[in-house]
Amino acid sequence: MLTPYNDDLSVDYNAYEEYADWQVSQGVEHLFAVCGSSEMANLTLNERVKLAELTVKHKGNTTVVATANMEPSWFSQVEEVKRITATGVDGIVFTTKGFGNDPDRLVSYVGELKAYTHLPVFMYEFPGLQPHIISGECYGKLVKECGVYGIKDTTCTLEGISSKIDNKGDSCVIQANMPFLFEAYKLGARGVMATPTACGGAFFQRFHEAFMSGDMELAEKRYNEIILLDNAIDSGFNCSAKYLVNLQGVKGMKAINRGKQQLSSARLQSLKSFHNWCVAEGLMK
């Protein structure tokens, strides 16, 4: 999920509710309410809680997860977990919290923190808290010892993705990397959590359905469409994604963020042209 802002960079909650409804209309099965693309590192705890609440309010038949360990201290994280759990989300996401090089500490940390929620726990290699990448072996321990349900992998290497898949047990390895998406699915990864899903969820639903049907020719075609989307929004971080959402009808979603990123007139024109092509091809509205 993206976070819309007013011109003064306060959160535009009305636009967020409109956006949440739009996301559900894309046919996606799950929503990640508080994430990197939401700019969660630049949001207050109260803002993150409110966004999680509103996502639950508008989730329809989807399920909602939200990050719950962004606060700096242990005691504030415990409070954060309790508050995010109380929003009614269906699952909790923990970042690896900079413990990527200390697997024993990470496993202990997750085991202790998850005691404060009854919800399923997922992991997220959030690049904003480094070192964030964990090994496949470490992930396997999190699954076995902490009951972790899945992970958003951000290694962006097929080796890193494969290592987690080899150790996933009954859990789910979820992708953030588009170039290796098709290959990762063949290896056993499932689902996507990434900025492109914030503005083109229907692309990924079509790919997933094609792959699961066994029609690899169609799945590859859908995958290629995803690569075009990924390339279209590659620069400008989430502002490009926000502008594509705006072009698709969510007018309250302005192409601004708290990092004060701005899109050039050339980028805006490029995104307009991409959107027009997608509409002509029946890929967007």
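- Between the CD atom in Glu225 and the CG atom in Leu283 there is a gap of 4.5 Å [rounded to 0.5 Å].
- Contact check for Leu244 versus Met284: side-chain heavy atoms found under the 4.5 Å cut-off.
- The aromatic rings of Phe182 and Phe207 stand perpendicular to each other, their planes meeting at an angle above 60°, with 30° marking the opposite boundary.
- Panel note: side chain Ser38, backbone Ala33; a donor-acceptor pair is recorded below 3.5 Å.
- Looking at Asp104 and Lys141, their side chains come closer than 4.5 Å, going by heavy atoms from C-beta outward.
- Side chain to side chain, Gln26 and Gln205 fail the donor-acceptor criterion of an N or O pair below 3.5 Å.
- Taking Tyr109 as the reference, Phe99 meet the ring pair (Phe, Tyr, Trp, His ring centres under 6.0 Å) condition, with sequence neighbours excluded.
- In this structure, Ile227 CD1 and Glu220 CD are separated by 11.0 Å, a value rounded to the nearest 0.5 Å.
- Trp74 and Met123 fall within a single hydrophobic cluster, where Ile, Leu, Val, Met, Phe, Trp and Tyr side chains are chained together by heavy-atom contacts under 4.5 Å.
- Once rounded to the nearest 0.5 Å, the distance linking OG of Ser270 with NZ of Lys272 reads 11.5 Å.
- Ionic pairing of Lys186 and Glu183 is present here: one or more N-O contacts between side-chain nitrogen and carboxylate oxygen are shorter than 4.0 angstrom.
- Salt-bridge check for Lys254 with Asp12: failed, with every basic side-chain N at 4.0 Å or more from each acidic carboxylate O.
- Rounding to the nearest 0.5 Å places CG of Leu187 at 11.0 Å from NZ of Lys168.
- A heavy-atom distance below 4.5 Å is not found between the side chains of Ile174 and Ile151.
- Side-chain contact between Leu2 and Tyr19: present, with at least one pair of heavy atoms (C-beta onward) separated by less than 4.5 Å.
- Met193 and Leu51 fall into different hydrophobic clusters, where Ile, Leu, Val, Met, Phe, Trp and Tyr are joined by side-chain heavy atoms under 4.5 Å apart, directly or via other members.
- Using a 4.5 Å heavy-atom cutoff, the side chains of Gln261 and Ile256 are not in contact.
- Annotation: side chain of Phe126 is not in contact with side chain of Thr96 (no heavy-atom distance under 4.5 Å).
- In summary, Arg83 and Glu53 do not engage in a salt bridge, as defined by a charged side-chain N under 4.0 Å from a carboxylate O.
- Between Arg48 and Glu39 there is no salt bridge, since no side-chain nitrogen of the basic residue lies less than 4.0 Å from a carboxylate oxygen of the acidic one.
- Under a 4.0 Å N-O distance rule, the pair Glu17/Lys57 qualifies as a salt bridge.
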What pairs of donor and acceptor atoms, side-chain ones from residues 129-139 against any protein atom, are under 3.5 angstrom apart with sequence neighbours left out?
unit_1	atom_1	unit_2	atom_2	d
Gln130	NE2	Pro127	O	3.1
Ser135	OG	Cys138	N	3.0
Tyr139	OH	Ser171	OG	2.6

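- With sequence neighbours excluded, the residues satisfying ring pair (Phe, Tyr, Trp, His ring centres under 6.0 Å) with Phe211 are Tyr185.
- Across Asn6 and Val11, no two heavy atoms sit closer than the pair ND2-O, 3.6 Å.
- Around CG of Asp8, the count of heavy atoms belonging to other residues, nucleotides or ligands within 6.0 Å exceeds 12.
- Linking ILVMFWY residues whenever their side-chain heavy atoms come closer than 4.5 Å, directly or via other members, leaves Leu218 and Met212 in distinct clusters.
- Judged by the 6.0 Å and 45° rule, Arg206 forms no cation-pi pair with Phe204.
- Neither Val34 nor Val49 shares a network with the other; the hydrophobic side chains, linked directly or stepwise wherever heavy atoms of I, L, V, M, F, W or Y lie under 4.5 Å apart, form separate groups for each.
- By the ring pair (Phe, Tyr, Trp, His ring centres under 6.0 Å) test, Phe94 is found to be paired with no residue, residues two or more places apart in sequence or in another chain being considered.
- Residues Thr154 and Tyr124 have side chains that never bring a donor and an acceptor to within less than 3.5 angstrom of each other.
- A donor-acceptor contact under 3.5 angstrom links the side chains of Thr155 and Asp153, judged on distance only.
- Annotation: the span from Leu268 atom CG to Leu263 atom CG amounts to 5.0 Å, rounded to 0.5 Å.
- With sequence neighbours excluded, no residue forms a ring pair (Phe, Tyr, Trp, His ring centres under 6.0 Å) with Phe274.
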* Applying side-chain contact (heavy atoms from CB on, under 4.5 Å), run through Arg258 and Leu43 and close with a yes or a no. => CA-CA 9 Å; Arg258 284 187 173 168; Leu43 298 170; 3.6 Å; yes
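- A donor-acceptor contact closer than 3.5 angstrom links the side chains of Thr63 and His30.
- Considering every non-hydrogen atom in both Ala66 and Val89, the closest pair reads CB-CG1, 4.2 Å.
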* **side-chain contact (heavy atoms from CB on, under 4.5 Å) between Lys251 and Asn246, worked out** => CA-CA 5 Å; Lys251 298 305 179 183; Asn246 179 285; 3.9 Å; yes
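- For Ser265, the side-chain contact (heavy atoms from CB on, under 4.5 Å) criterion is met by no residue, not counting sequence neighbours.
- Cluster membership for Tyr149 and Phe32, using ILVMFWY side-chain heavy atoms within less than 4.5 angstrom, is shared.
- Using a 4.5 Å heavy-atom cutoff, the side chains of Lys152 and Phe122 are not in contact.
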* Stepwise, does the side-chain contact (heavy atoms from CB on, under 4.5 Å) test hold for Leu271 with Ser240? -> CA-CA 7 Å; Leu271 289 166; Ser240 295; 4.0 Å; yes
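- A salt bridge does not link Arg222 to Glu217: none of the charged nitrogens lies less than 4.0 Å from a carboxylate oxygen.
- Atom-to-atom distance recorded for Ser213:OG and Glu209:CD is 8.5 Å, nearest 0.5 angstrom.
- Side chains of Met1 and Tyr16 form a contact here, defined as non-hydrogen atoms less than 4.5 Å apart.
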